[in-house]
Amino acid sequence: MLNFKCETGNYHTFCPISCVSWLYRKIEDSFFLVIGTKTCGYFLQNAMGVMIFSEPRYAMAELQEGDVSAQLNEYTELRRLCVQIKNEKNPGVIVWIGTCTTEILKIDLEGIALRLDRELHIPIVVARANGLDYAFTQGEDTVLAAMVHKCPRNVQDYHTSKTSNNIVSTKPTKHPPLILFGAVSDTTAKQLTVDLNSQGIEISGWIPPNHYIELPVISEPCYVCGIHPYLSRTAVTMMRHRKTTLIGAPFPIGPDGTRAWLEKICAVFSIRTTGLEIREQQAWKSLEHYLELVVNKSVFFMGDNLLEISLARFLTHCGMIIKEIGIPYVDKRYQAKELLFLENVLTEMNISFPAIIEKPDNYRQLERIRKLKPDLVITGMAHANPLEARGITTKWSVEFMFAQLHGFVNSRNVLQLITTPLRRNANLQQLPWNSYSDVQKIKPIERINPPR
Ligand code: SF4
């Protein structure tokens, strides 16, 4: 049995408003307006790096003293900004991102959005992706869950819906409609589409689509399936509000996960799979070079992006020893199949079960890292350099969010990320200043007394 523990929640992660950085590029006609303070602005400006110089389709609505003390009217201020956005950028949709401040001030964003939606004739989606309630990737979850409410309900128009998106099939299908949800790059979306098509399955729509107008019809006969492990709210919204059926499957990360994901979808539609075993074997074969580097290496996930369980399962299959899986939050129903898969892999490989720590405490984790001395720690930037300076090899966890991980082909990217610090350290071993990584060996600097 998997061993779940919960700590204090004193851990580093990105604020969920960071989802703006990948969602504005995915939904090409969108504009994101983050309604918050300078704190949120500083975070986005720093986290997005050079992207801020490329005229991104996002902006901050910075709350002023007058907003907080209710001297300014929220409706008038937001209306002014939305008119400006409409005139300057002409987007297909404006997404308002609520922050900690809008939560604390209890600004009725949904009410104002409804009014402005009608007045300005532009769809406004409200997502409360604040740092009070959510961690990092869950920001995408709140945006997608809000978008589900905007999807058309008309089943009659299903196969002729305005999908110009070339990754979506408009052919009639032999099975009930299947909608996939989760933001992935177009290349990854195409690869997964090809894999499903080769089993005779057509995808009827994606959330998010490339353009707001391409939101798929979602209503009762639809089946939905998630790509990412952190989209539990979106799944629940589609089930509760649109009466769709959720296909619970392990997530398509690693050759093992991709095969299990495809098999589960086929099983739900009573389709016999063909050639998946060979496809998986070929994918593992292409990873041989990396597997040699990772086998029997231990890994510790400090936990900040909710991809940890799927990655841990894939890395276990690769022969790595998982010391701890830190994770901000586990929805045990949405991730049920992934958790079961991990449990089965550990049992089959006769490996002791690592602890799964929800809401980890970074301070306690550092104590455990000091004791366990793992070969690799997957962690945020706050701890990466300090750990490296103490001789612990690290991989920055945020990179997993921005790399292409899904499907058979991209399994290589996961191992490339994992092995980068291992390969680099092996190369640096030969350098004479390697001993600097051991703090014990550094001589204290002699104090020079200032001249009197
Ligand atoms: S945690 Fe809250 S205040 Fe900080 S950046 Fe995120 S939304 Fe803004």
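Reckoned from all heavy atoms, side chains included, excluding hydrogens, waters and symmetry mates. Residues: numbered from 1 along the sequence shown. Indexing begins at 1, ligand by ligand and atom by atom, following the structure's order.
For the atom pair D304 CG and T13 OG1, the distance stands at 4.5 Å (nearest 0.5 Å). Here the CD atom belonging to E119 is positioned 10.5 Å from the SG atom belonging to C82, to the nearest 0.5 angstrom.
Pairs passing the salt bridge (charged side-chain N to carboxylate O under 4.0 Å, His left out) check and including a residue from residues 245-264, sequence neighbours excluded, read D256-R313, R259-E263, R259-E280.
Looking only at atom types and distance, the side chain of Q365 has a donor-acceptor partner in the side chain of N362 under 3.5 Å away.
Residue Y75 places its OH atom among more than 12 non-hydrogen atoms of other residues, nucleotides or ligands, all under 6.0 Å distant.
Near ligand 1, residues C15, C40, T99, C100, G131 come within 4.0 angstrom through at least one heavy atom.
Under a 4.0 Å N-O distance rule, the pair R233/D133 does not qualify as a salt bridge.
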